[in-house]
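In what follows, a single structure is set out as structure tokens and then discussed.
Because the structure is predicted, anything quoted here is derived from the model rather than measured. Both counts, for ligands and for their atoms, begin at 1 and track the order of listing.
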Amino acid sequence: MIVAMQQHASTEQIQKVIERLTELGFEVHRSTGAAQTVLGAVGAGVDFDIRDIEVLDGVQEAHRISSPYKLVGRSFRPEGTKVKFANGLTIGGNEVAIMAGPCSVESREQLFTVAEQVAKAGARVLRGGAFKPRSSPYSFQGMGEEGLKLLREAGDKFKLLVISEVMEISQIPLMAPYVDILQVGARNMQNFNLLRELGKVRKPVLLKRGIAATFEEWLLSAEYIYAGGNYDLLLCERGIRTFETYTRNTMDISAIPIIQKLSHLPITADPSHGTGRRDKVVPMARAAVAAGADALLIEVHHNPEKALSDGAQSLYPEQFTKLMAELHLIARAVGRTLA
Ligand code: PEP
Ligand code: MN
């Protein structure tokens with residue numbers, strides 16, 4: 001941490017700050033200029049509140065240099081994390097993996113129709129919510145275990161891995177036998193009890209960015225899972241809430257290179273929730289691969305007008321097939337291939 005004292009800070013004020021920093025476990029290096037004193041503090045643990053220093057008398061500003069997350073930070077694994085699956089798929093390497101399917105599992109006919117089409121187009125993972133976090137309690141809440149069974153069956157039939165959202169701790173043992181990746185939705189990014197429990201699971205987790213989460217908050221949430229011993233962790237940018245109302249969320253493409261700098265975890269992009277509009281999903285999917293995403297999560301529905309959730313942002317299967325052909329070219333242009 002760097003602490004800049006005010007120009008006319010008294011010797012006493014400076015001494016108090018040094019004492020407080022020393023108490024916190026820092027080794028303090030003092031630099032006294034003609035008008036201003038700057039303190040460099042190194043070596044303490046991660047658990048301190050920078051505001052405790054900022055509010056001390058005579059302090060002009062204080063800046064944290066080290067990150068508060070340790071295990072998910074890039075320096076912990078500079079070479080990057082590769083999440084490997086039994087069927088040979090690796091996420092986080094040179095290949096870009098595409099996950100696709102309906103927002104919600106609605107019926108056998110719906111899921112199998114969409115699964116067949118996305119598999120044919122080259123997707124490697126089938127998505128579909130069985131437990132749905134809906135803004136309204138009157139909206140479709142998902143098929144529950146019945147939906148999970150259908151996902152597993154469709155995944156096996158069309159040789160796709162399966163991802164589905166877990167909303168609470170009690171669903172973890174129920175879901176584990178059916179899914180290959182447990183998705184934590186934006187609304188649960190800071191459900192710390194759930195995250196801690198997922199740290200104990202030995203199954204990959206995809207952690208979405210919260211609706212209004214900073215990178216630091218997102219990575220601290222990832223730290224909960226990683227610190228529990230579950231290292232098979234994927235992050236997913238899914239758009240954030242801004243002042244703009246045209247799109248459902250504002251898709252933060254810059255999150256992709258930023259996460260790659262801050263963390264060793266693979267980064268997925270979800271242009272469906274990121275924009276909320278079908279016609280904007282394709283360009284944002286292209287942009288995400290160009291920006292370096294390790295995987296995409298895309299909603300596809302064979303009859304989106306009749307979808308029970310998120311129809312407006314679901315691609316028609318033909319659109320998805322065309323997008324896949326474009327993604328092949330874009331991936332190649334940035335030195336990668338589609339998985
Ligand atoms: C979803 O993937 O269908 C979903 C609910 O996503 P999010 O948590 O990003 O809103
Ligand atoms: Mn959805």
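- Between Ala186 and ligand 1, at least one N/O pair is under 3.5 Å apart.
- Applying the 4.0 Å criterion to heavy atoms of Arg187 picks out, from ligand 1, the atoms 7 (P), 8 (O), 10 (O).
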Query raised in the report: So Arg20 and Glu23, salt bridge (charged side-chain N to carboxylate O under 4.0 Å, His left out) or not? Walk me through it.
Result: CA-CA 5 Å; Arg20 185 77 189 101; Glu23 258 170 41; 2.9 Å; yes
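- Residue Lys132 places a heavy atom under 4.0 Å from ligand 1.
- Less than 4.0 angstrom separates some heavy atom of Arg238 from each of these atoms of ligand 1: 7 (P), 9 (O), 10 (O).
- Of the polar atoms of Asp310, none of the N or O atoms is found under 3.5 Å from an N or O of ligand 1, judged by distance alone.
- At the Mn ion (ligand 2), the vertex angle linking OD2 of Asp310 with OE2 of Glu299 is 120° (nearest 10 degrees).
- Less than 4.0 angstrom separates some heavy atom of Gly185 from each of these atoms of ligand 1: 8 (O).
- With the Mn ion (ligand 2) as vertex, Cys103 SG and His273 NE2 subtend 170°, rounded to 10°.
- Of the protein's non-hydrogen atoms, Glu165 OE1, 3.6 Å is the one closest to atom 5 (C) of ligand 1.
- A side-chain donor-acceptor contact under 3.5 Å links Gln260 to the backbone of Gly292.
- When only modelled atom types and interatomic distance are considered, Gln6 and Gln13 share no side-chain donor-acceptor pair under 3.5 Å.
- The ring of Tyr226 has its center closer than 6.0 angstrom to the ring center of His264.
- Residue, atom and distance of the protein heavy atom nearest to atom 7 (P) of ligand 1 are Lys208 NZ, 3.5 Å.
- Any N or O atom pair closer than 3.5 Å counts here, and Gln183 shares at least one such pair with ligand 1.
- Minimum heavy-atom separation, Asn230 to Val201: ND2-O, 3.0 Å.
- In terms of protein heavy atoms, atom 4 (C) of ligand 1 is closest to His273 NE2, 3.4 Å.
- Aromatic ring orientation, Tyr224 versus Phe192: parallel (interplanar angle below 30°, classes split at 30° and 60°).
- The shortest heavy-atom distance from Cys103 to ligand 1 is under 4.0 Å.
- The pair Arg238-Asp252 does not meet the salt-bridge criterion, since no charged nitrogen lies less than 4.0 angstrom from a carboxylate oxygen.
- In summary, the side chains of Gln141 and Arg134 do not present any donor paired with an acceptor at a separation below 3.5 Å, with no hydrogens or angles considered.
- Each of the atoms 3 (O) of ligand 1 lies under 4.0 Å from some heavy atom of Glu299.
- By the 3.5 Å distance cut-off applied to N or O atoms, Asp270 is not counted among the residues near ligand 1.
- His301 and Glu299 share no donor-acceptor pair across their side chains, judged by distance under 3.5 Å alone.
- Ion pair Asp270/Lys208 flagged as a salt bridge, since at least one NZ, NE, NH1 or NH2 atom sits closer than 4.0 Å to an Asp/Glu carboxylate oxygen.
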